[in-house]
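A quick write-up on the structure given underneath.
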Amino acid sequence: MASTPSQAAPAPRLGWIGLGSMGLAMALNLQRHLLKTSAPSLVFFNRTASRGKALGELGGVAAASVADLIAEADVAFLSLSDDAALTQTLDALLQDAVRNLAGKIVVDTSTVSASCSAAAQARLAARGMRFVAAPVFGASPVAAEGRLLWVVAGPDDAVEKIEPYIVGVMGRGVIRLGEDVTKASMLKTTGNFLTAGMMELVAEAHVLAEKTSLPAPVLESLLEQQYGPLAHSISRRLTSGAYVPTRGSAPWSDLKLALKDVGLGVDAAERAGARLEVGEVVMRHLRKAEEYGEAQGRRLDSAALYGAVRTEAGLEFENWAVRERDGGAASK
């Protein structure tokens with residue numbers, strides 16, 4: 001007698017905590033996928049409830065608190081700003097009143113220190129939960145396109161459970177780093193340093209070109225054809241004026257987060273007995289850009305270090321693209 005095939009395991013209920021520019025873009029893509037596959041809708045929580053409006057309109061279900069979300073979800077994705085935000089979220093998730101946590105999975109897509117990831121893993125394991133460190137590479141437009149590169153470390157069975165929701169849904173690829181969650185955090189920190197270093201180099205090249213009357217489009221063409229997509233995309237953030245977003249609009253990648261991210265690399269190198277001198281230069285220019293943004297009362301993109309490099313060379317912080325876009329009202 002032929003055996004009856006066993007029924008497929010039911011789809012896990014997914015949750016999402018943190019709806020900043022990156023988190024919202026990823027959560028929207030995930031909810032669209034859940035709708036297409038007739039899976040249970042995404043449960044979400046954000047401290048500012050209005051950030052979830054678009055997700056709710058797409059069928060996502062708002063939770064009243066972190067505790068309520070984890071009670072509903074089998075897998076909870078996090079997209080938070082820093083170490084402190086992760087610690088506070090875990091405090092809310094692991095409070096004594098929250099029961100039946102064993103077997104649940106927490107996936108952190110945030111950029112945090114390796115020590116913070118290790119501490120999160122230990123805290124969750126004490127309640128029978130599994131932790132996956134899964135920081136992502138890409139700015140918010142890349143997140144909206146579902147083309148982020150994921151760096152994933154954690155228990156194999158937990159990683160296997162989330163894999164169907166990454167490539168083709170929220171990401172273009174995955175780099176697996178085994179079960180040591182600190183490796184994912186360190187690779188993300190190292191990658192952020194590389195990106196910031198490239199940003200500094202491209203910014204300085206554009207200032208050199210402007211000071212020597214080399215047309216910006218010519219340099220941008222060289223960057224595209226000789227130095228690859230990363231250098232070219234950074235160049236476009238500068239020449240298009242995206243490094244100084246229009247007032248009231250969100251940057252591709254927030255300057256304050258760049259300060260945090262590059263700072264993680266500089267600190268990690270110091271603890272390891274090394275030095276990231278390029279990172280130190282980047283930090284100096286990011287701080288100068290931050291001062292400018294605060295004086296102007298506007299949010300800036302991480303690429304705003306370009307403005308700081310410009311002012312050191314005697315140019316205006318805002319280039320021709322920003323001045324033209326904003327009606328010629330540039331500030332020095």
Side-chain angles (χ1 to χ4, degrees), residues 6-19 22-47 52 55-56 58-80 85-110 112 117 120-136 146 148 150-171 174 176 179 181 184:
S6 61
Q7 286 187 323
R13 187 72 187 270
L14 306 182
W16 198 283
I17 300 171
L19 298 174
M22 292 290 290
L24 180 58
M26 288 189 281
L28 286 169
N29 283 330
L30 182 54
Q31 173 60 14
R32 292 186 187 104
H33 173 75
L34 296 177
L35 285 173
K36 288 179 183 176
T37 57
S38 299
S41 288
L42 187 68
V43 185
F44 66 90
F45 173 78
N46 193 67
R47 284 185 301 176
L55 197 51
L58 200 60
V61 179
S65 66
V66 169
D68 286 347
L69 182 143
I70 200 62
E72 292 289 330
D74 302 303
V75 180
F77 290 85
L78 313 181
S79 179
L80 307 170
L86 176 56
T87 299
Q88 291 165 8
T89 299
L90 294 185
D91 288 344
L93 188 153
L94 294 171
Q95 57 187 297
D96 290 340
V98 182
R99 304 293 183 183
N100 303 318
L101 292 177
K104 293 179 184 283
I105 299 169
V106 172
V107 184
D108 184 28
T109 70
S110 319
V112 297
S117 287
Q121 182 182 46
R123 292 185 68 187
L124 292 167
R127 296 289 294 274
M129 303 175 72
R130 289 166 291 169
F131 178 71
V132 177
V136 295
L148 295 167
W150 288 58
V151 177
V152 177
D156 287 340
D157 58 344
V159 172
E160 288 170 5
K161 199 157 192 173
I162 67 168
E163 278 183 330
Y165 307 105
I166 300 180
V167 177
V169 179
M170 295 185 286
V174 176
R176 287 285 303 270
E179 299 204 357
V181 296

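Treat the numbers as computed from the prediction; the structure is a model and nothing was measured.
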Fill in: Gln88 (side chain) donor-acceptor with Ala85 (main chain) under 3.5 angstrom
no
Worksheet entry | Straight-line distance of Leu86 CG to Ser117 OG, nearest 0.5 Å | 7.0 Å
Practice prompt. Sequence neighbours left out, what passes side chain to side chain contact (heavy atoms under 4.5 Å, CB included) with Leu35? Give chain and number order.
Written response: Gln31, Leu58
Worksheet item: Taking only residues at least two apart or on different chains, which pairs with a member in residues 127-136 satisfy salt bridge (Lys or Arg N to Asp or Glu O under 4.0 Å)?
Response: Arg130-Asp157
Worksheet, complete the sentence: side chain to side chain contact (heavy atoms under 4.5 Å, CB included) filter on Ala125, not counting sequence neighbours, yields none
Sequence neighbours excluded and cut-off under 3.5 Å, please list the side-chain donor-acceptor pairs for residues 38-47, or say none.
unit_1 : atom_1 : unit_2 : atom_2 : d
Ser41  : OG     : Gly59  : O      : 3.1
Asn46  : OD1    : Leu19  : N      : 2.8
Asn46  : ND2    : Thr48  : O      : 3.0

Item to complete: Just jot down the side-chain hydrogen bond (donor to acceptor under 3.5 Å, both in side chains) partners of Thr89, sequence neighbours excluded, or say none.
Response: none
Discussion item. Restricting to side chain to side chain contact (heavy atoms under 4.5 Å, CB included), what partner residues turn up for Ala184, sequence neighbours left out?
Written reply: Ala133, Pro135, Val151, Ala153, Leu177
Response to the item:
Taken in chain and number order and not counting sequence neighbours, the residues that satisfy ring pair (Phe, Tyr, Trp, His ring centres under 6.0 Å) with Phe77 are Trp16
Worksheet, complete the sentence: On a heavy-atom basis, the closest approach of Leu69 and Ala76 is CD2-CB, 4.0 Å
Fill in: Residues forming a salt bridge (Lys or Arg N to Asp or Glu O under 4.0 Å) with Asp96, sequence neighbours excluded
none
Item to complete: Just grab all the side chain to side chain donor-acceptor pair (under 3.5 Å) pairs involving residues 159-171, residues at least two apart or on different chains.
Response: Glu163-Arg176
Worksheet item: Do the side chains of Glu72 and Val61 get nearer than 4.5 Å, heavy atoms only?
Response: no
Worksheet item: What pair of heavy atoms forms the shortest contact from Leu55 to Ala27, and how long is it?
Response: CD1-O, 3.7 Å
Response to the item:
Shortest non-hydrogen pair, Pro164 vs His33, comes out as O-NE2, 4.1 Å
I'd like a table of donor-acceptor pairs (distance under 3.5 Å, sequence neighbours excluded) in which one partner is a side-chain atom from residues 101-110, with atom names and distances.
unit_1 : atom_1 : unit_2 : atom_2 : d
Lys104 : NZ     : Ile70  : O      : 3.0
Lys104 : NZ     : Ala73  : O      : 2.7
Asp108 : OD1    : Ser110 : N      : 3.1
Asp108 : OD1    : Ser110 : OG     : 2.6
Thr109 : OG1    : Leu78  : O      : 2.7
Ser110 : OG     : Leu80  : N      : 2.8

Worksheet item: Which atom names give the shortest non-hydrogen contact between Met26 and Met170, and what distance separates them?
Response: O-SD, 3.5 Å
Item to complete: Can you sort out the partners of Asp91 under salt bridge (Lys or Arg N to Asp or Glu O under 4.0 Å), two or more places apart, ordered by chain and number?
Response: Arg123
Worksheet item: Is there side-chain contact between Val98 and Leu93, with heavy atoms separated by less than 4.5 Å?
Response: no
